[in-house]
Amino acid sequence: MLTCDKYEKQFFPAPSFSGEWMNKTYIEKAPLWCSVDLRDGNQALITPMNLEEKLEFFKLLVKIGFKEIEIGFPAASETEYEFCRTLIENNLIPDDVTIQVLTQSREHIIAKTFEALKGAKHAVVHLYNSTSVAQREQVFKKSKEEIIQIAKFGAKLCKAYREKTEGHFTFEYSPESFTGTEPEYAVEICNEVIDIWQPTADDKVIINLPVTVSHSMPHVYANQVEYMCKNLKNRENLIISLHPHNDRGCAVADSEMGLLAGADRIEGTLFGNGERTGNVDIITLALNMYSQGVDPCLDLSNMPEICEVYEKVTRMHVYERQPYSGALVFAAFSGSHQDAIAKGMRHREEKGSKIWNVPYLPIDPTDLGRVYEADVIRINSQSGKGGIGYLMEKTYSLCLPPKMREVFGYHVKSISDHAHKELLPNEVYDIFMSDFVNIESPINVMEAHYAQMDGIFATVSVQINGEKQTVTAQGNGRLDAVSNAIKSLVGDIYSLESYTEHALEDGSHSSAASYVSVKNNDGKVYWGAGIDSDIVVSSVKALISAVNRMIVNDQK
C-alpha cells in the first residue's frame, strides 16, 4: 500500500514573478550548449570510461558542434586529471571549444583543479556548494550564513588561483540543489559570489541553476528562473545556465520553460545519461527546436554514428523509443499510420513542397541520417497495404496497382503473423518475387510468336504439367491472343481483368514490370506479375503467373 501522506512539497515557489514567459510559444534561438557527458554522464556509468574512450567521446562532441564541454573533476581521480592534461598538452582542444571542470569549495581541490588546467586556452572553472534546506540541515548541519561563507571562500580562492595560473579562465557558480533552496536565499548567495568575481562584458560569469533533484512541475521551476534573472546583480554580464535532472521526467520541459523564462545556457548530456534518472537530453531539446524551424547549432545529421559511438564508449543502450534518436521512433507498423505517411510523402513530392508536414513524422528522418525504407515503414502483422506498397515502390521501384497492393499486403501480413516477427524489406521483396512474379508452374509459356492479319494471332509453345504443346489463337492484342491460346488448352476457366506495366529503370536497357489480374468463374480475382527486359514477354509472364496462382489456389 502506498502511503503518500509521508511526502510533502520540498520546493519553494518564487515569491514574485511576472509570468511573462508564459506568453511565448517557442524558443527563438539556440541556447549556449554545454555537454556534461564526460563528467556527469561518466560518473553515472557502471564502468566509467577509460582515457581512450574519453578521447573518442570528446572528439564526437566536438564534431557535433559543442563549444563548451565539461570534461570532469580533475581533483577527484588520477584518470580525470590525466584526461585534462592529455587534452591540453596534446593540443586536442580546438580554439573555438572551451573545456569545463568542476570543483568543490575546498582549497586543496581548487589548487589541484588549476594545476590540471595550466596552459588551457579557454576553460570554465565550475564552483559549487549545496544550498538546499535538506542539505543544510541534514548533511552539513550549517546555518545559511555558514553556507554563504563556504561559497565566498571558494569564490575568493578561484579568483586568487586564476591570477597566478597560465591560461584563460571563466567562472561558473552553482547553488547545488537549487530547486530545494528558498529563492530569496539562492539570490543572496549567488550575489555574494558575483560581488567577489565582479563580472564584466568581457569576463562574464555563469550562474548555473541546477535541478539537482526535480521536486516541482516545470512552470514552478521556470518562475524560479525568472525570479533569479530579475534579482541577480549585474545581470547583463551574467550567463544564466540550467542543469536539469529528470527525476520527474520533466527535464526537457524544465529546460524549455526555463529558457523562455530568461536562461541563456543548457548543461546536459546526449540521450539524457546521468545520475539516477539522468540529465536533460540535449538531442531531444535541440531537435525540438529544429522541428519548429530553429537552428539548434548542433550537427545531428548522422544519428546512427552518434548512437554507435555513444553505446560503444558508455556501454549504455539508446532506448528504441528515445525521442528522435531511438531505432523505432520513426517506425510505423500500423497500417493506418503507414498509409498516411505514404500519402503524405507522395503529396509532398507531387506539390514540390519545401515545407515538411508529413503525418506522424515531426521531422524528416533523412535529416538525421535515417532511411525511409529501412526506418519508417516497418512490416509486421499490423502493417497495411499502403505501407507495404510504399516500401515496394521506394525501395525496389515496383509500383503495384492499388488492388494488387491490397492483395499483396494481406499476403505479407499473414506471413508475418504466422512467423510472429517483423519482416525486413528484402524479405518482403523475396516474398513478392517467389509468390507473384514469373511463376512457371503448372503452366509455362516457353515462347510465343505473333502475326498480324485480321487481328493478332499468337502461336504459343506451352508446357503444362511437364507436357509440351503448341497452339495458335487470335485476340485483339498480343496478351489477349496468348490468353485465348491458354484457354484453348485449359478451358474457359478465367477472364482477363486488368493489365498495367511500367519500366523498372531509365534507359534503353531497362527492364519492364507488368501486373495482370484474372477472375475465375466464381468471381475471385488473382494477381500475377512479370519482369523481363521485353515488355511483351513481361506481360505474358504476368498473365501466366496470375493463372498459375489461380489454378493452384482453386485446387486446394
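All values derive from a computational prediction rather than experimental measurement.
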**Student:** Rounded to the nearest 0.5 Å, what's the gap from CG on Asn279 to CD on Glu267? Could you check?
**Tutor:**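 Going from CG on Asn279 over to CD on Glu267, the span is 9.0 Å.
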**Student:** Any donor and acceptor pair, going by atom type alone, linking the side chain of Arg405 with main-chain N or O of Leu400 inside 3.5 Å?
**Tutor:** yes
**Student:** Is the backbone of Val462 close enough, under 3.5 Å, to the side chain of Lys468 for a donor and an acceptor to pair up by distance?
**Tutor:** no
**Student:** Has Asp40 got a side-chain atom pairing as donor or acceptor with Gly274's backbone, closer than 3.5 angstrom?
**Tutor:**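 No, Asp40 side chain to Gly274 backbone: no donor-acceptor pair under 3.5 Å.
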**Student:** Atom CD in Glu393, atom NE2 in His502: separation rounded to 0.5 Å?
**Tutor:** 8.0 Å
**Student:** Apply side chain to side chain donor-acceptor pair (under 3.5 Å) to Asn23 and Glu20, showing your working.
**Tutor:** CA-CA 6 Å; Asn23 295 321; Glu20 294 172 1; over 6 Å; no
**Student:** Angle between ring planes, Phe271 versus Tyr310, binned at 30° and 60°: parallel, tilted or perpendicular?
**Tutor:**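 Geometry flag for Tyr310 against Phe271: tilted rings.
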**Student:** Any chance NE2 of His317 has more than 12 other-residue heavy atoms, nucleotides or ligands included, within less than 6.0 Å?
**Tutor:** yes
**Student:** For the backbone of Leu45 and the side chain of Arg315, can you confirm whether one donor and one acceptor N or O come within less than 3.5 Å of each other?
**Tutor:** no
**Student:** Centroid separation under 6.0 Å, is that true for the rings of Tyr221 and His215?
**Tutor:** no
**Student:** Kindly compute the distance separating CD (Gln474) from CE (Met453), expressed to the nearest 0.5 Å.
**Tutor:** 8.0 Å
**Student:** Counting only heavy atoms not in Glu28, do more than 12 sit closer than 6.0 Å to its CD atom?
**Tutor:**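 No, CD of Glu28 has 12 or fewer neighbouring heavy atoms, counting only those of other groups under 6.0 Å.
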**Student:** With the side chain counted from C-beta on, respond yes when Ile443 and Gln463 share a heavy-atom pair under 4.5 Å apart, and no when they do not.
**Tutor:**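 Ile443 vs Gln463: side chains apart.
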**Student:** Say you draw a straight line from CG of Asn288 to CD1 of Ile283; how long is it, rounded to the nearest 0.5 Å?
**Tutor:** 12.0 Å
**Student:** With a 3.5 Å distance limit and no angle check, can you tell me whether Ser353 reaches the backbone of Arg348 through a side-chain donor-acceptor pair?
**Tutor:**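 Checking the backbone N and O of Arg348 against the side chain of Ser353, no donor-acceptor pair under 3.5 Å is found.
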**Student:** Has Asp417 got a side-chain atom pairing as donor or acceptor with Lys413's backbone, closer than 3.5 angstrom?
**Tutor:** no
**Student:** State, without any angle test, whether Asn553 and Tyr526 hold a side-chain donor-acceptor pair at a distance under 3.5 Å.
**Tutor:**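 The answer is yes; a qualifying pair exists.
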**Student:** My understanding is that only residues two or more places apart in sequence, or in another chain, count here; which of them pass ring pair (Phe, Tyr, Trp, His ring centres under 6.0 Å) with Tyr396?
**Tutor:**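 Here the qualifying residues are Tyr429.
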**Student:** Can you tell me how far apart NZ (Lys524) and CG (Asp554) are? Round to the nearest 0.5 Å.
**Tutor:** 7.5 Å
**Student:** Rounded to the nearest 0.5 Å, what's the gap from CG on Asn426 to CE on Met433? Could you check?
**Tutor:**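 The CE atom of Met433 is 13.0 Å from CG of Asn426, to the nearest 0.5 Å.
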**Student:** For Glu349, enumerate each residue passing the salt bridge (Lys or Arg N to Asp or Glu O under 4.0 Å) test, keeping only those at least two apart in sequence or located in another chain.
**Tutor:** Lys394
**Student:** What I'd like to find out is whether the side chain of Ile306 reaches to under 4.5 Å of the side chain of Leu60, using heavy atoms alone.
**Tutor:**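 Contact flag for Ile306/Leu60 side chains = yes.
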**Student:** Checking Glu53 side chain against Asn50 main chain: does a donor-acceptor pair fall under 3.5 Å?
**Tutor:**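 Looks like yes, one N/O pair under 3.5 Å.
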**Student:** Using the benzene-type ring in the case of Trp, are the ring centres of Tyr515 and Tyr499 under 6.0 Å apart?
**Tutor:**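 No, ring centres 6.0 Å or more apart.
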**Student:** Is the side chain of Ser533 donor-acceptor paired with the backbone N or O of Ser511 at a distance under 3.5 Å, no angle test?
**Tutor:**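 Checking the backbone N and O of Ser511 against the side chain of Ser533, no donor-acceptor pair under 3.5 Å is found.
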**Student:** Can you name the residues that form a salt bridge (Lys or Arg N to Asp or Glu O under 4.0 Å) with Asp454, not counting sequence neighbours?
**Tutor:**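 Result, salt bridge (Lys or Arg N to Asp or Glu O under 4.0 Å) vs Asp454: none returned.
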**Student:** Between Asp247 and Arg276, is there a salt bridge with N-O shorter than 4.0 Å?
**Tutor:**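 Looking at Arg276 and Asp247, the cut-off is met.
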**Student:** Between Asn246 and Cys250, is there a donor-acceptor pair closer than 3.5 Å when you use the side chain of the first and the backbone of the second?
**Tutor:** yes
**Student:** Sub-3.5 Å donor-acceptor pair from the side chain of Ser416 to the main-chain atoms of Lys421, do we have one?
**Tutor:** yes
**Student:** Just by distance, no angles: are the side chains of Asp367 and Trp356 close enough, under 3.5 Å, to form a donor-acceptor pair?
**Tutor:**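 Asp367 vs Trp356: no donor-acceptor pair found between side chains.
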